[in-house]
Enquirer: 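Below is a structure I'd like to ask you about.
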Amino acid sequence: MLIQGKQMHIQIKKGDIGRYVILPGDPARCERIARYFDEPEFLSSNREYTVWRGKLCGEPVAVCSTGIGGPSAAIALEELVECGADTFIRVGTSGGIVEEVRGGDVVIATAAVRQEGTTREYMPIEYPATANFEVVQALHQAAKTLGFRQHVGVIQSKDGFYGEIRPNEQPVGAELEAKWAAWKAGGVLTSEMECAAVFVVGAVRRVRCGAVLNVLWNASTDETMDASPEMAERGVQTAVEALKLLIAQDREP
């Protein structure tokens, strides 16, 4: 939806950005991510959405924050697609579920458990929330090249942050704990709040989406949280290197 020629929420228009976009949650991270670009330039800030643009390998790229959760992430993706973008990498933080996923690791999502509500307004619950294969491959190769300890597989997306942190305080705590045990038994790697929405909306809109998640702590073992800037940069560096790989691949005849 346009208002005075610009998208209602992200406040940019078609032609302002190119094909490739990094999607952090926190607006405060956009400027830091844009520092990895050549010729970084601020475009807009409205509500939870901050947009910067620049270039990688001579190609126009952008970063747009999505805020917290599926509804705001879906809005950002819808409007960025309207502006011409077709390749997205979510960069976020998460809490490990299986014990081998530890603080400091990066997780590359191949799919997301749809324990959230946004995607039910796009597709029936039987439809899987899956990442684009090319984007997953690029992220895996980038993390390997950078030497980061990585895991590749299914992650979980949910709506209630404190349902995970303090399930025993919720009236439906028994249900939450039973589902958590199921995800763990099924090898689900880590928990976050936006990937399912990004993957399902991306599939419906026929664009490429993937995600790399910084693991801050393991929620199953109560491992101490480490939210240091250095740790948060691992996902960003992986996403930037992955975009370079995708740009090179897309230029091939």
Side-chain angles (χ1 to χ4, degrees), residues 3 6-94 104 106-108 135 138-139 142-143 146 148 161 192-195 197-198 207 209-216 225-247:
I3 296 180
K6 295 183 177 181
Q7 294 294 322
M8 177 187 291
H9 299 91
I10 63 174
Q11 291 290 292
I12 64 171
K13 62 184 184 303
K14 192 173 181 64
D16 284 343
I17 60 171
R19 296 178 58 186
Y20 306 93
V21 184
I22 294 175
L23 302 171
D26 184 358
R29 296 184 67 195
C30 290
E31 183 176 0
R32 297 203 302 272
I33 293 172
R35 291 174 188 165
Y36 287 91
F37 301 162
D38 298 323
E39 304 172 33
E41 178 186 2
F42 170 79
L43 282 182
S44 66
S45 182
N46 180 54
R47 300 190 179 208
E48 60 264 66
Y49 307 107
T50 294
V51 185
W52 284 68
R53 67 181 174 190
K55 292 184 178 181
L56 284 175
C57 307
E59 193 75 25
V61 294
V63 53
C64 175
S65 56
T66 65
I68 297 175
S72 58
I75 288 171
L77 195 63
E78 291 273 19
E79 296 189 1
L80 289 163
V81 171
E82 289 294 319
C83 291
D86 66 15
T87 302
F88 301 88
I89 298 178
R90 162 162 158 68
V91 176
T93 55
S94 66
V106 296
V107 168
I108 295 159
V135 180
L139 287 166
L146 291 165
F148 298 149
F161 180 82
E192 57 83 71
M193 301 181 71
E194 291 82 25
C195 284
V198 170
V207 295
C209 296
V212 55
L213 304 168
N214 300 293
V215 181
L216 300 187
M225 182 182 293
D226 182 351
S228 64
E230 294 78 15
M231 184 175 293
E233 288 300 299
R234 293 179 185 179
V236 174
Q237 292 167 6
T238 302
V240 169
E241 292 306 310
L243 281 189
K244 291 178 181 177
L245 292 172
L246 289 166
I247 289 167

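Index from 1, following the sequence.
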Enquirer: Within this structure, what is the CZ-CD distance for the pair R35 and E31, rounded to the nearest 0.5 Å?
Expert: 5.0 Å
Enquirer: Indicate yes or no for a side-chain donor-acceptor contact from R234 to the backbone of N214 under 3.5 Å, with no hydrogens or angles considered.
Expert: no
Enquirer: Is there a side-chain contact (heavy atoms from CB on, under 4.5 Å) between L80 and V207? Walk through the geometry before answering.
Expert: CA-CA 11 Å; L80 289 163; V207 295; over 6 Å; no
Enquirer: For E48, does its backbone N or O pair with a side-chain atom of S65 as donor and acceptor, under 3.5 Å?
Expert: yes
Enquirer: Could you report the tightest heavy-atom contact between C64 and P24, atom names first, then the distance?
Expert: O-CD, 3.3 Å
Enquirer: Checking side-chain contact (heavy atoms from CB on, under 4.5 Å) for the pair F161/I68: CA distance, chi angles, key distance, verdict?
Expert: CA-CA 10 Å; F161 180 82; I68 297 175; over 6 Å; no
Enquirer: Kindly compute the distance separating OH (Y49) from CD (E79), expressed to the nearest 0.5 Å.
Expert: 7.0 Å
Enquirer: So how far is it from L77 CG to L23 CG, rounded to the nearest 0.5 Å?
Expert: 6.5 Å
Enquirer: If you round to the nearest 0.5 Å, how far is CG of N46 from CD of Q7?
Expert: 12.0 Å
Enquirer: Apply the test side-chain contact (heavy atoms from CB on, under 4.5 Å) to residues L213 and C195: give CA-CA distance (whole Å), side-chain angles for both, the deciding distance (0.1 Å), then the verdict.
Expert: CA-CA 10 Å; L213 304 168; C195 284; 4.2 Å; yes
Enquirer: Got a sec: does the CG of L245 have more than 12 other heavy atoms crowding it under 6.0 Å?
Expert: yes
Enquirer: Closer than 3.5 angstrom, by distance alone: can the side chain of E39 be matched with the main-chain N or O of G54 as a donor-acceptor pair?
Expert: no
Enquirer: Nearest heavy-atom pair of V106 and G235: which atoms, and what distance?
Expert: CG1-N, 4.3 Å
Enquirer: What are the two closest heavy atoms between L139 and G210, and how far apart are they?
Expert: CD1-C, 4.4 Å
Enquirer: Of all heavy-atom pairs between Y20 and L246, which one has the smallest distance, and what is that distance?
Expert: OH-O, 4.2 Å
Enquirer: Taking T66's backbone N and O only, do any of them form a donor-acceptor pair with S72's side chain (distance below 3.5 Å, no angle check)?
Expert: yes
Enquirer: Search all heavy atoms of Q11 against all heavy atoms of S44 and return the closest pair with its distance.
Expert: O-CB, 3.6 Å
Enquirer: To the closest 0.5 Å, what do you measure between OG1 (T93) and CD (E194)?
Expert: 8.0 Å
Enquirer: Got a second to check how far K13's NZ is from I3's CD1, nearest 0.5 Å?
Expert: 15.0 Å
Enquirer: For V240 versus Y36, what's the shortest heavy-atom pair and its separation?
Expert: CG2-CB, 3.9 Å
Enquirer: For R47 and H9, indicate whether the former's side chain and the latter's backbone hold a donor-acceptor pair under 3.5 Å.
Expert: no
Enquirer: Going through the distances and angles, do R29 and V91 end up as a side-chain contact (heavy atoms from CB on, under 4.5 Å)?
Expert: CA-CA 10 Å; R29 296 184 67 195; V91 176; 3.9 Å; yes
Enquirer: Can you spot which of T50, V51, I10 makes a side-chain contact (heavy atoms from CB on, under 4.5 Å) with L43?
Expert: V51
